[in-house]
Trainee: 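What follows is a structure written as structure tokens; I'll ask about it next.
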Amino acid sequence: HNPETYSNLNYGSSITPEMVVSSTELNLLIQNVVLAHQETCRYRQDNLQVLRWETYSQEEVQSFQQKSMDQMWERCVCHVTEAIQYIVEFAKRLSGFMELNPNDQIVLLKAGVMEVLLIRMSRAFNGYNSTVFFEGKYAPLEIFQSLGCSDLIVSMFDLCHSLCALNLSEHEIAFISSMILLDPGRPWLQDKQKVEVLHKKQEYAFRYLLRTSHRESILSKLPQKGRLLNICHMHMEKLNVFRQMYPGIACESFPPLYKELFI
Ligand code: MHQ
């Protein structure tokens with residue numbers, strides 16, 4: 001496990017003197033990241049808030065639990081893929097991303113998309129009753145029982161709890177997402193330096209944003225990289241178990257984007 005947190009943002013050394021960013025550039029960067037997030041969200045925060053207490057009844061929960069494993073997987077994978085499409089669109093709107101070479105774009109997306117999904121999931125999570133927005137209502141974790149991966153689901157819900165406790169604003173969520181995607185530490189990058197420059201600018205803008213809102217304290221409380229990685233590994237592992245249980249059939253019906261990223 002890598003004990004680093006995204007808070008190693010605050011290693012002052014990472015901002016080199018030759019990289020002085022003007023305040024105009026900072027504001028443009030903030031605008032870019034925040035707009036990219038807003039425009040690719042699918043569910044707006046206020047809509048999710050309104051629905052927060054619309055939860056599934058016991059009977060509805062049971063009817064989900066009675067679905068077959070492959071049926072439930074197909075359904076969830078479909079929703080996850082849709083959410084990922086929005087995240088890919090978010091990445092494409094981040095300034096500099098489309099100028100990276102196509103190989104590195106894929107490397108960053110493959111490594112980062114699931115982590116961003118987790119961050120975004122916390123927006124759709126009600127920490128007071130531990131439910132997540134799923135197919136129009138808020139669902140407790142038991143709804144996902146027939147998937148056969150309760151440890152994965154429990155870890156996802158746990159992470160959302162920690163994130164909810166931070167009361168992240170939409171601006172903060174936007175930056176946390178963009179910094180996850182533009183992570184120069186991802187293996188297999190061809191032009192690591194180019195990503196490093198983008199990352200440093202983002203980091204600078206994020207810290208500026210936090211300073212102006214007196215929210216620097218969240219930096220040390222953000223989830224550790226290892227925790228997100230662990231959940232991503234679990235997802236891959238569960239996917240493999242599922243593929244072994246249903247060789248051929250089930251996975252072929254998964255959307256191409258999901259297969260491209262995870263299989
Ligand atoms: C997004 C909207 C969104 C859409 C789908 C991986 C697997 C086989 C099972 C939501 C995980 C089951 C997902 C559908 C379950 C935990 C998945 C299934 C934010 C994220 C969110 C709410 C996803 C959250 C995770 C869900 C519920 O903008």
Side-chain angles (χ1 to χ4, degrees), residues 36-52 54-56 60-61 64-65 67-91 110 112-127 129-161 163-164 168 170 173-174 176-178 180-181 228 230-246 250-251 253-255 257-263:
H37 175 71
Q38 272 171 8
E39 292 169 352
T40 60
C41 253
R42 175 78 162 80
Y43 303 111
R44 282 180 36 182
Q45 187 61 75
D46 41 345
N47 294 337
L48 289 167
Q49 281 299 322
V50 174
L51 293 168
R52 254 163 95 82
E54 295 277 336
T55 46
Y56 284 108
E60 288 172 311
V61 172
F64 275 105
Q65 290 174 331
K67 292 188 195 309
S68 68
M69 188 177 193
D70 58 325
Q71 208 186 347
M72 198 60 186
W73 261 87
E74 205 185 316
R75 222 152 138 164
C76 286
V77 161
C78 203
H79 294 304
V80 167
T81 306
E82 200 209 28
I84 284 174
Q85 265 158 357
Y86 283 94
I87 299 170
V88 171
E89 193 52 43
F90 169 70
K110 273 198 174 205
V113 115
M114 201 60 193
E115 295 189 12
V116 173
L117 182 100
L118 292 167
I119 303 295
R120 286 189 167 200
M121 178 176 168
S122 71
R123 298 170 74 243
F125 188 79
N126 183 348
N129 59 6
S130 284
T131 53
V132 67
F133 191 68
F134 176 71
E135 299 193 356
K137 283 190 194 179
Y138 276 75
L141 55 83
E142 299 85 63
I143 260 191
F144 305 105
Q145 183 178 286
S146 54
L147 290 171
C149 49
S150 54
D151 46 349
L152 168 66
I153 309 291
V154 167
S155 306
M156 291 171 87
F157 275 57
D158 278 351
L159 181 83
C160 285
H161 256 131
L163 287 168
C164 281
L168 299 172
E170 287 289 284
I173 287 179
I176 295 167
S177 307
S178 69
I180 286 176
L181 285 169
L228 297 180
N230 191 33
I231 297 178
C232 294
H233 289 156
M234 269 166 99
H235 167 243
M236 300 301 280
E237 209 176 276
K238 297 300 169 191
L239 177 62
N240 278 329
V241 172
F242 176 73
R243 283 168 70 200
Q244 273 154 29
M245 289 177 78
Y246 294 88
C251 282
S253 58
F254 287 172
L257 176 64
Y258 185 84
K259 289 195 274 192
E260 189 183 331
L261 291 170
F262 303 118
I263 298 187

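Source: prediction; values computed, not measured. Note that ligands are numbered from 1 as they come in the structure, with each ligand's atoms numbered from 1 the same way.
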Trainee: What atoms of ligand 1 come within less than 4.0 Å of a heavy atom belonging to Met156?
Mentor: 16 (C)

Trainee: Could you check whether the rings of Phe144 and Phe157 sit parallel, tilted or perpendicular, using 30° and 60° as the cut-offs?
Mentor: perpendicular

Trainee: Which residue owns the protein heavy atom closest to atom 7 (C) of ligand 1, what's the atom, and how far is it?
Mentor: Cys76 CB, 4.2 Å

Trainee: Does the ring center of Phe262 lie less than 6.0 Å from the ring center of Phe254?
Mentor: no

Trainee: Can you report which non-hydrogen protein atom sits closest to atom 20 (C) of ligand 1, along with the distance?
Mentor: Met121 CA, 3.8 Å

Trainee: Inspect the contact between Glu60 and Lys137 and indicate whether a charged nitrogen and a carboxylate oxygen are less than 4.0 angstrom apart.
Mentor: yes

Trainee: Tell me, do Ser150 and Leu141 make a side-chain contact under 4.5 Å, heavy atoms counted?
Mentor: no

Trainee: Run the numbers for me: atoms of ligand 1, each under 4.0 Å from some heavy atom of His235, listed by number.
Mentor: 6 (C)

Trainee: Tell me which part of Arg123 gets within contact of ligand 1: side chain, backbone, both or neither, using heavy atoms under 4.0 Å.
Mentor: neither

Trainee: Give me the residue, atom name and distance of the protein heavy atom closest to atom 3 (C) of ligand 1.
Mentor: Ala83 CB, 4.1 Å

Trainee: Checking Gln244 against Leu239 for the side-chain contact (heavy atoms from CB on, under 4.5 Å) test, could you report, in this order, the C-alpha distance in whole Å, the side-chain angles of both residues, the deciding distance, and whether it holds?
Mentor: CA-CA 9 Å; Gln244 273 154 29; Leu239 177 62; over 6 Å; no

Trainee: Atoms of ligand 1 less than 4.0 Å from Arg120 heavy atoms?
Mentor: 19 (C)

Trainee: Heavy atom under 4.0 Å from ligand 1: found in Ile153's side chain, backbone, both, or neither?
Mentor: side chain

Trainee: For the rings on Tyr138 and Tyr56, is their centre-to-centre separation under 6.0 Å?
Mentor: no

Trainee: Tell me which protein heavy atom sits closest to atom 17 (C) of ligand 1, plus the residue, atom name and distance to 0.1 Å.
Mentor: Val80 CG2, 4.3 Å

Trainee: What is the distance from atom CD1 of Ile84 to atom CZ of Arg120, rounded to the nearest 0.5 Å?
Mentor: 11.0 Å

Trainee: Can you check atom 12 (C) of ligand 1: any protein non-hydrogen atom closer than 4.0 Å?
Mentor: yes

Trainee: Within a distance of under 4.0 Å, is there any protein heavy atom near atom 26 (C) of ligand 1?
Mentor: no

Trainee: For atom 28 (O) of ligand 1, which protein heavy atom lies nearest, and how many Å away is it?
Mentor: Cys41 O, 4.1 Å

Trainee: To the nearest 0.5 Å, what is the distance between CD on Glu142 and CD on Gln65?
Mentor: 7.0 Å

Trainee: When you check the side-chain N and O atoms of His37 and Ser177, is any donor under 3.5 Å from an acceptor?
Mentor: no

Trainee: Between Phe133 and ligand 1, which part of the residue brings a heavy atom under 4.0 Å of the ligand: side chain, backbone, both or neither?
Mentor: backbone

Trainee: Specify the protein heavy atom at minimum distance from atom 15 (C) of ligand 1: its residue, its atom name, and the distance to 0.1 Å.
Mentor: Phe144 CE2, 3.7 Å

Trainee: Pair Asn47, Arg44 - check side chain to side chain donor-acceptor pair (under 3.5 Å), show working.
Mentor: CA-CA 5 Å; Asn47 294 337; Arg44 282 180 36 182; 5.3 Å; no

Trainee: For ligand 1, which atoms have a heavy atom of Trp73 less than 4.0 angstrom away?
Mentor: 8 (C)

Trainee: Hey, which atoms in ligand 1 end up nearer than 4.0 Å to a heavy atom of Ala124?
Mentor: 22 (C)

Trainee: Looking at the rings of Tyr86 and Phe90, which for Trp means the six-membered one, are their centres under 6.0 Å apart?
Mentor: no

Trainee: Among all the protein's non-hydrogen atoms, which is closest to atom 23 (C) of ligand 1, and how far away is it?
Mentor: Leu117 CD1, 4.7 Å

Trainee: Nearest heavy atom to atom 9 (C) of ligand 1: which of Leu147, Leu118, Thr40, Leu48 does it belong to?
Mentor: Leu147

